[in-house]
Amino acid sequence: MNPKKQDLWEYVPLADYAAPQATISRTIKSGIKDIWQRFYRQDTPVHNPAQDLEYLPPSAVEKVAPPSHWSRAVRALEIAAKDKTGSAEAPSVMMVAGLPGSGNTQILSRLAKSLGWRLIQAPDPQQILTQDLAWLDWTRSTDTPWVLPDLGKTYLRHVRGLTLVRQLLARINSKAAGPGVIGCDSWALAYLRRVLPVPFPGAVVAQAFDDQSLGRWLNQRADDGCGRQIHFRQADNGETVLPADDGAKARAFVNQLAARSFGIPGIALEIWRRALKREPDQTAGDQASETGPGDGITIWVEPWEKMPSLVVPSDLGPASPVLMHSLLLHNGLPRDLAADLLPFSATETGRTLLALTDAGIVQTHQGELKISARWYPSVRAYLNGEGYLTDQF
Amino acid sequence: MELFHQMNQETFIRVALLAGLALVLIGLSQKMIPWIANRLSGRHRLYVLATVPLIRLVIILASLWMIISIVVDPTAENIFALLGALGLALGFAFKDYVGSLIAGIVTLYELPYRLGDWVSVDGVYGEVKSIGMRSFEILTPDDTVVVIPHLKLWAEKIFNANDGSRYLQCAARFYLHPEHDPRQVIQALEDTAMTSAYLQVLKPVTILASEGPWATEYRIKAYPVDPRDQFRFTTDLTLRGKQALMARGVRFPAPGAPDRIFQDPKKSTLKS
C-alpha cells in the first residue's frame, strides 16, 4: 500500500488484497509465547498492568477509541460502485466481499441510502428453510439499482438452505435482477464458492490497513471521539505510539497490531481499546468532549509484549470447532437457529456455547451469537490448523 | 582374546542403571510426546505423534550399544560372535517375539500405520493409539483397546483408512425403492453432504448408485474435517439424507426387503 496515499479506504479486486505482516522477530516471539500458553494455559490470561496505571473505563474508551461510522469507506465504495455498475460494458452486479469486523454490512446499507438505491432486506431464516421463492420478487423490478448487504444471510447450512441463494445467483447471472451491489462476508463467500458451482459476480474488497494506515485511522477515531489532541504513549518507555505526522514510520505496537488484526479495522480497534490506560488520578477521556481543545491529554498504551496472547483452549469440547466454524460461515446466528443447524443435541450445543461464552470467544451481538472481534484472529488460526475451510484472506 | 570384560558388581550396577535409564526415557517419551501432540492442532499433531517410535528406537539402540560396550570388548569379531549366539538362542526361544520386534523396526520405515491412523487388522477397526516395540494398540469405536503384535505385518492385510493424512473417506448408504427420480435423489444427497457441519469441503463429494435385487443403493462418499468425527459424520449424513429424501417423496423398500438386498439372487429363496 502506498504510504503517502490520502485515502485510507480503497476497494481492490480480491487478488490484490494484501494483509500486513509482522516483523520476523515479533513473529518468532509470538509463536513461542503461543506455544508456552498452549501448555501452561491459565483460566484467565496473565496480565500485570503497571502499578501506577489503570485501564480506561468503558465511557472513556468510547470517547478515545469510538466505533467507526464508516463514512469514508462509504464514499470510497460509492465511486467504485458507480464505476462498476454504471458502465455498459462492465458487469451489472458488483460484489463487495467483507472480512469479519470490516463493517461491510453497515457500509453497504449506508451506500444504498447515500445513492438512493433499493436496500434489499435479507430473508428471514424461515423463508430460507421453506424455500420461499417469493422473497426473490424484488429481482423483477429493474428500474432502480439495488444493494443486498450480505449474501451470507440468504443461505443456511441446511439441506433446504441453499435453494434461495442458488436461485438468486441464477437470476443475477441471467441479468434478470438488473444492476446492483451485493455484499458478502468472506467466510460465506469461501463456502458458497465451494458448494455452488455457478459464476459469482466480480468482487472487490476493502484493502487491508497496513501499519501506517491503521495508525492514521486510530488517530482519526480519537479526533472524532474526543475533539482534542490525544498523545498515545507506550506505558513502559513513553514512546509515542501514534505519531501525529502521517508520513512517519509506524511504531512497533501498531506494526504488531496491524499484523495481528490482518489489517481489519474493526478487529484492530477492539484490540486497541483493550490496550489503553491512564494514570489513576487522570480523567482522560471522561471529560474530553466537555472540555475545549487544549494542549492535549496523554493516554498510555500497554506494551505489545504484555498484551495477552489469546489461544483457543483445547478443552472446550469436540463440538466447539464445528460451532465456531458455523458462526463464522453464517456471520453470526441466533441461538435457536444455531441449535437447529448443528448436528448436536440441544444439551451439547448449550454446554459448548456456555464454554465458548465463558472464554469470551463467542458473544451475543444484536441477538446473534458471533465470534468476538478480539478472538477472531486466534479462532481463524485455530480453525485453519484444524483443517476447516477458512476465508481466502 | 576374551569375549566379555571382567564382570563385577560395578559392571552389573552400570548395566542395570543404563537399562533403567533407557526404560525411563522410553516411558517418558511415550507419555510426553502424545501429551505435547494433543495440544497441537491438525497436521502438527500427526507429525509429532509419528516421532514416538523413532525416538524409542534411537534410545534402544543407543542404550544397547552402551551396554554391549560395558559387557563386551566391542571388536568386530566379538560383536559378530555375540550376535550369532544371541540370534541362535532367541531364534529358538522367542521366535515370534523377535519376529514382532523386527517387524516393529520395519514399521518405522515402511510406515504401514502411524499414530492417529485408522486401521483395520484381522477385522478389528480403530485408531492407532500407541506403537510399542512388540505390538501396537488400536482403540475401537466401542472404546476397547486391542493389542496387535507387529508380527501381523508379515502375513496379514492391513487396511489404513487415512494413511498418515487427515483425509478419511466415509460412506453413507441409502436403499431406495427402484421407482424414483435419480436427479432429485442426487440433488438431495449432494445438498445433504454439502451442508453437513462435519464435511471437509476441500475434498470432493461423490454420489454413487447401484442396482440391487430389491432396492437401488445410493452412497454418499465424502470426507469429514477430522477423522475422529467419522461416525458422527456418517450418522449426520444418514439421518439428514433420509429426511431430505422423505421430504421429496422418495419411497424406501418395503419392510423386510433390506435384509435381503445383497443376497445373491441365484441363491435367494425369496418368494416373489
Side-chain angles (χ1 to χ4, degrees), chain A residues 34-41 128-131 155-163 165-166 187 190-197 311-315 318-327 329-330 333 338 340-345 348-349 378 381-390, chain B residues 32 35-48 162 165-168 172 184-185 187-205 220 222-248:
Chain A
D34 281 359
I35 291 171
W36 183 258
Q37 277 205 216
R38 215 175 263 275
F39 295 135
Y40 298 99
R41 188 177 74 80
I128 298 174
L129 292 176
T130 54
Q131 303 171 81
Y155 88 99
L156 289 171
R157 204 175 186 187
H158 185 279
V159 73
R160 293 192 303 276
L162 297 176
T163 305
V165 70
R166 210 176 254 142
W187 287 70
Y191 173 69
L192 291 174
R193 277 186 162 166
R194 284 274 167 189
V195 300
L196 300 178
V311 176
V312 177
S314 54
D315 55 0
S320 62
V322 174
L323 207 156
M324 289 188 283
H325 195 233
S326 289
L327 293 184
L329 288 189
H330 290 96
L333 283 170
D340 287 347
L341 292 184
L342 293 167
F344 313 120
S345 66
E348 191 169 1
T349 305
S378 308
Y382 172 74
L383 292 175
N384 188 39
E386 292 289 320
Y388 284 84
L389 174 77
T390 58
Chain B
M32 291 295 290
W35 183 79
I36 292 169
N38 287 333
R39 277 157 180 78
L40 299 175
S41 58
R43 60 186 184 281
H44 301 299
R45 174 176 169 268
L46 296 178
Y47 293 153
V48 173
N162 57 325
S165 80
R166 62 169 72 170
Y167 300 125
L168 185 149
Q184 265 207 347
V185 170
Q187 186 65 66
L189 295 182
E190 200 171 274
D191 281 356
T192 301
M194 288 299 189
T195 54
S196 172
Y198 295 113
L199 177 77
Q200 175 52 272
V201 291
L202 303 173
K203 297 291 282 179
V205 171
I220 305 177
Y223 297 78
V225 175
D226 188 336
R228 288 172 291 188
D229 284 334
Q230 59 186 288
F231 301 105
R232 293 192 195 103
F233 180 48
T234 312
T235 304
D236 183 51
L237 291 179
T238 305
L239 298 181
R240 291 190 315 109
K242 197 170 174 185
Q243 235 175 4
L245 292 169
M246 286 165 74
R248 288 179 186 238

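Each chain gets a letter, A, B and so on, in the order its sequence line appears, and its residues count up from 1.
Residue contact with chain B, scored on non-hydrogen atoms closer than 4.5 Å, involves the side chain of A:Arg166 exclusively. In this structure, no portion of B:Ala247 lies under 4.5 Å from any heavy atom of chain A. Heavy atoms of A:Pro321 lying under 4.5 Å from chain B are absent altogether. Only the backbone of A:His158 comes within contact range of chain B, judged by heavy atoms closer than 4.5 Å. Looking at B:Ser196, the atoms closer than 4.5 Å to chain A (heavy atoms on both sides) all sit in the backbone: N, CA, C or O. Within the 4.5 angstrom heavy-atom criterion, no atom of A:Tyr155 approaches chain B.
In this structure, B:Arg166 and A:Glu386 approach most closely via the heavy-atom pair NH1-C, 3.4 Å. Residues A:Val159 and B:Ala188 come closest through the heavy atom pair CG2-O, 4.0 Å. The minimum heavy-atom distance between A:Leu162 and B:Thr195, with the atom names listed, is CD1-CG2, 3.8 Å.
Two residues are said to be in side-chain contact when any heavy atoms from C-beta on lie closer than 4.5 Å; B:Arg232 and A:Pro318 meet this criterion. The shortest side-chain heavy-atom distance between B:Leu199 and A:Arg194 does not fall under the 4.5 Å cut-off.
Counting heavy-atom neighbours within 6.0 Å of B:Lys242 NZ, excluding the residue itself, gives a total of 12 or less.
Residue A:Tyr388 holds its OH atom at 12.0 Å from CG of B:Leu202, rounded to the nearest 0.5 Å.
Between chain B and the residues A:Leu342, A:Leu156, A:Val195, the most heavy-atom pairs under 4.5 angstrom are made by A:Val195.
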